[in-house]
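See structure below.
Hydrogens, waters and symmetry mates play no part in the numbers below; they use all other heavy atoms, side chains included.
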Amino acid sequence: MNNKKAFIFDLDGVIVDTAKYHYLAWQKIANELNIDFTLEHNELLKGVSRVRSLDIILELGKVEASQEDKDKWLVQKNEDYLSYLVDMNESEILPGVFPVLQFLKENGQPIALGSASKNARPILEKTGILSYFDAIVDGNDVTNAKPDPEVFLIAAKLLNVNPEHAIVFEDSVAGVQAANIGKMMSIGIGSATVLHEAKYIFKDFTEIDTNFIEDLIKK
């Protein structure tokens with residue numbers, strides 16, 4: 001028990017790349033509203049709730065909408081997104097993730113998911129890695145969005161580990177900030193220029209070797 005840490009993973013962009021499916025679903029709505037919505041615009045939606053994402057898209061197109069219309073589009077977006085997930089399988093797991101999960105499991109380290117996604121469980125099931133997670137905290141369990149650390153604090157508590165012994169893998173600025181605010185170690189997965197607030201930054205999990213993970217466990 002001496003060196004027990006909590007390893008907490010974000011989902012989208014860290015374990016799987018469902019960002020492309022979110023983009024396609026949002027783009028469909030944007031097209032219907034004649035709003036130009038590019039991959040660059042999509043970066044603004046990283047780690048952001050569905051409701052806020054829609055508001056950002058409407059702001060981009062300077063479109064005013066009733067709550068009724070907004071509710072309709074939110075349902076439509078989720079249905080379109082879920083339709084893309086139907087065919088997901090283990091091939092969708094991002095490179096290098098699986099060996100890290102395996103290594104942590106073999107070394108008795110508790111693993112949690114901390115994601116804003118409300119579809120986390122079905123995604124983990126379809127990709128065949130649900131059994132690696134000792135706790136799952138998703139959009140159904142939290143009130144406050146990142147950079148509020150709530151999602152990670154709940155995950156650490158479920159793993160029975162103090163926040164300062166938790167290590168968070170994140171691909172968004174808001175997620176890295178949430179980990180830092182929660183007094184956890186933040187590891188950014190992605191661009192060093194974007195995620196510069198993280199304690200460590202890797203382009204992807206293929207750059208993370210077992211020696212690095214071992215050192216984290218020992219610290």
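Take T38 and apply the side-chain contact (heavy atoms from CB on, under 4.5 Å) test, not counting sequence neighbours, and it matches D36, E40, H41. Remark: E207 pairs with F202, K203, D204 by the side-chain contact (heavy atoms from CB on, under 4.5 Å) rule, at least two apart or across chains. With sequence neighbours left out, K183 forms a salt bridge (charged side-chain N to carboxylate O under 4.0 Å, His left out) with no residue at all. For F133, there are no ring pair (Phe, Tyr, Trp, His ring centres under 6.0 Å) partners at least two apart in sequence or on another chain. By the salt bridge (charged side-chain N to carboxylate O under 4.0 Å, His left out) test, K62 pairs with no residue at all, sequence neighbours left out. Shown here are the salt bridge (charged side-chain N to carboxylate O under 4.0 Å, His left out) partners of D69, two or more places apart in sequence or in another chain: K72. Checked against side-chain contact (heavy atoms from CB on, under 4.5 Å), F98 has the following partners two or more places apart in sequence or in another chain: Q102, I129, Y132. Taking the side-chain contact (heavy atoms from CB on, under 4.5 Å) definition, one finds that N119 meets it with N78, Y81, L82, L85, S117, P122, I123, sequence neighbours left out. The salt bridge (charged side-chain N to carboxylate O under 4.0 Å, His left out) search around E90 returns none, not counting sequence neighbours. Scanning for ring pair (Phe, Tyr, Trp, His ring centres under 6.0 Å) contacts around F169 gives F9, F205, with sequence neighbours left out.
Between E214 and K219 there is no salt bridge, since no side-chain N of the basic residue sits under 4.0 Å from a carboxylate O of the acidic one.
Environment of CD in E64: sparse, with no more than 12 heavy atoms of neighbouring residues, nucleotides or ligands closer than 6.0 Å.
Looking at H22 and D12, their side chains do bring a donor and an acceptor atom within 3.5 Å of each other. For D71 and Q67, the side-chain atoms include at least one donor-acceptor pair closer than 3.5 Å.
Taking the six-membered ring for Trp and thresholds of 30 and 60 degrees, Y84 and Y21 have nearly parallel ring planes, at less than 30 degrees apart.
Pairs passing the salt bridge (charged side-chain N to carboxylate O under 4.0 Å, His left out) check and including a residue from residues 130-142, sequence neighbours excluded, read K105-D134. Sorted by first then second residue, the salt bridge (charged side-chain N to carboxylate O under 4.0 Å, His left out) pairs that include residues 148-173, not counting sequence neighbours, are K46-D171, K146-E170.
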